[in-house]
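So the structure is just underneath, and the comments pick up after that.
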Amino acid sequence: MKPTTTFNPTQKRKRVFSLHHKLQRIRNQEIFKLVHNDQFYSLTERERQVLKLLAKDFNNPEIAKSLFISRHTVEQHRKRINAKLGINSIVQLYRYALAFDLV
């Protein structure tokens, strides 16, 4: 059965560009994942849980409540995450979260 939708040349170009952009983004994430695999897996399970919640825009008190730990413990996990991954911004943290399917 043939699809009934037809696209004009402009629509086709936009769809091809969009698909190309998506494939490029996936490729870049996979390269990032390969390069940073050892760093990411140096995190403990708890640090990965904290990273996931940070990427979901939780703040320290919310993370503490969610994981049943103290706020101070969350702060210590964040420091270790930053040191192990060599990051110093939420943008870099989010890049890890995207590449390693935490969000």
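Hydrogens, waters and symmetry mates are skipped; everything else that's a heavy atom, side chains included, is used.
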Heavy-atom closest contact (Ala99 atom, Phe32 atom, distance) | CB-CD2, 3.5 Å
Cation-pi between Arg48 and Phe40: NZ/CZ under 6.0 Å from ring centre and within 45° of the ring axis?
-> yes
Look at atom NZ of Lys33 and say whether more than 12 heavy atoms of other residues, nucleotides or ligands are closer to it than 6.0 Å.
-> yes
What's the shortest heavy-atom distance between Ala55 and Val103, and which atoms?
-> CB-CG1, 3.5 Å
Looking only at atom types and distance, does a side-chain atom of Ser42 sit under 3.5 Å from a main-chain N or O of Gln39, one as donor and one as acceptor?
-> yes
Do the non-hydrogen side-chain atoms of Val50 and Ile81 ever get within less than 4.5 Å of each other?
-> yes
Honestly curious: do Tyr94 and Leu54 fall in one hydrophobic cluster under the side-chain, below-4.5 Å linking rule?
-> no
Non-neighbouring partners of Asn37 that pass side-chain contact (heavy atoms from CB on, under 4.5 Å), sequence neighbours left out = Tyr41, Phe100
Could you go step by step and tell me if Arg95 and Val91 meet the side-chain contact (heavy atoms from CB on, under 4.5 Å) rule?
-> CA-CA 6 Å; Arg95 188 165 185 198; Val91 173; 5.9 Å; no
Is any side-chain heavy atom of Arg46 less than 4.5 Å from a side-chain heavy atom of Gln49?
-> yes
State the CG-CD1 distance between Leu51 and Ile63, to the nearest 0.5 angstrom.
-> 9.5 Å
What distance do Lys52 atom NZ and Ser66 atom OG have between them, rounded to the nearest 0.5 Å?
-> 10.0 Å
Taking atom NE2 of His21 and atom CG of Leu19, what is their separation to the nearest 0.5 Å?
-> 11.0 Å
Find the distance between CZ (Arg25) and CD (Gln29) and round it off to the nearest 0.5 Å.
-> 6.5 Å
Would you confirm whether Glu47, through its side chain, and Thr44, through its main-chain N or O, come within 3.5 Å as a donor-acceptor pair?
-> yes
Does a side-chain heavy-atom distance below 4.5 Å link Glu62 with Leu53?
-> no
So Gln92 and Leu85, side-chain contact (heavy atoms from CB on, under 4.5 Å) or not? Walk me through it.
-> CA-CA 9 Å; Gln92 292 170 318; Leu85 300 182; over 6 Å; no
Using 4.0 Å as the upper bound for N to carboxylate O, is an ion pair formed by Arg71 and Glu75?
-> yes
Can you get from Phe58 to Leu102 by hopping between Ile, Leu, Val, Met, Phe, Trp and Tyr side chains that sit under 4.5 Å apart?
-> yes
Crowding at CZ, Arg78 (>12 non-hydrogen neighbours, <6.0 Å) = no
Leu43-Ile90 co-clustered via ILVMFWY side chain contacts under 4.5 Å | yes
Can you see which heavy atom on His77 is nearest to which on Ile69, and at what distance?
-> CD2-CD1, 4.0 Å
